[in-house]
Amino acid sequence: MIKSTLKIFFYTRYFNVLSGGYTLKSAKPKKKLAIVTCMDTRLVNFLPKKLGIEQGDAKLIQNAGNIITEDVIRSLVVSIYLLGVEKITVVGHTDCGMAAANFEDVRNKMVERGANPNFTPDFEAWLGRMTCEKRNVIEGVELLKTHPAIPKDIVVEGYIIDLESEVLERII
Ligand SMILES: [Zn+2]
């Protein structure tokens with residue numbers, strides 16, 4: 001019985017390693033790092049590789065335009081107070097769809113499909129108004145550095161990745 005259980009354990013572990021599947025036991029990030037970035041499809045695999053991040057290293061929090069929303073703050077609070085995060089890195093990118101988004105167009109499409117765009121008092125702010133990718137990162141970092149829920153000993157840095165040159169630049 002013990003022998004066969006052990007066998008299953010080792011086979012499962014071996015299979016997971018081979019398939020690149022789940023093998024880690026702890027949810028605590030080894031690098032004590034949380035990364036806030038955009039949901040842009042071009043960042044999938046590319047950004048973690050660029051940052052030298054592997055499975056188990058960091059918390060990855062993504063949304064449209066890497067905007068520091070209340071939900072991002074909520075995830076960061078859990079990351080800091082329960083999971084040992086000591087550093088937050090905000091990473092924006094060039095050619096972000098949110099910087100070019102036409103909110104009126106979104107509003108019209110919502111109406112066309114029967115949704116009510118008046119469900120929130122400030123639709124544009126809710127969707128994530130952004131005019132410049134760099135400015136957005138700087139404002140996000142400043143917000144985190146002064147947010148009452150984020151302790152002052154947390155290191156907060158901001159970067160921009162150029163999707164064409166693939167250069168990652170620290171901007172704050
Ligand atoms: Zn983006």
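The figures that follow rest on heavy atoms only: side chains count, while hydrogens, waters and symmetry mates do not. Both ligands and their constituent atoms are indexed starting at 1 by order of listing. We count residues from 1, following the sequence as given.
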Check your understanding: Do K134 and E169 sit within salt-bridge range, that is, some charged N less than 4.0 Å from a carboxylate O?
Key -> yes
**Study point:** E142 atom CD, over 12 foreign heavy atoms within 6.0 Å
**Key:** yes
Exercise for review: Check step by step if side-chain contact (heavy atoms from CB on, under 4.5 Å) holds for Q62 and I35.
Suggested key: CA-CA 8 Å; Q62 293 176 282; I35 300 161; over 6 Å; no
Review point. Going by an N to O cut-off under 4.0 Å, is there a salt bridge joining E70 and R74?
Key: no
**Study point:** R129 charged N/C atom sitting above F103 aromatic ring, 6.0 Å / 45°
**Key:** no
**Study point:** Flag if over 12 foreign heavy atoms under 6.0 Å of CG, N116
**Key:** yes
Review point. Closer than 2.8 Å to the Zn ion (ligand 1), which protein N, O or S atoms?
Key: C38 SG, H93 NE2, C96 SG
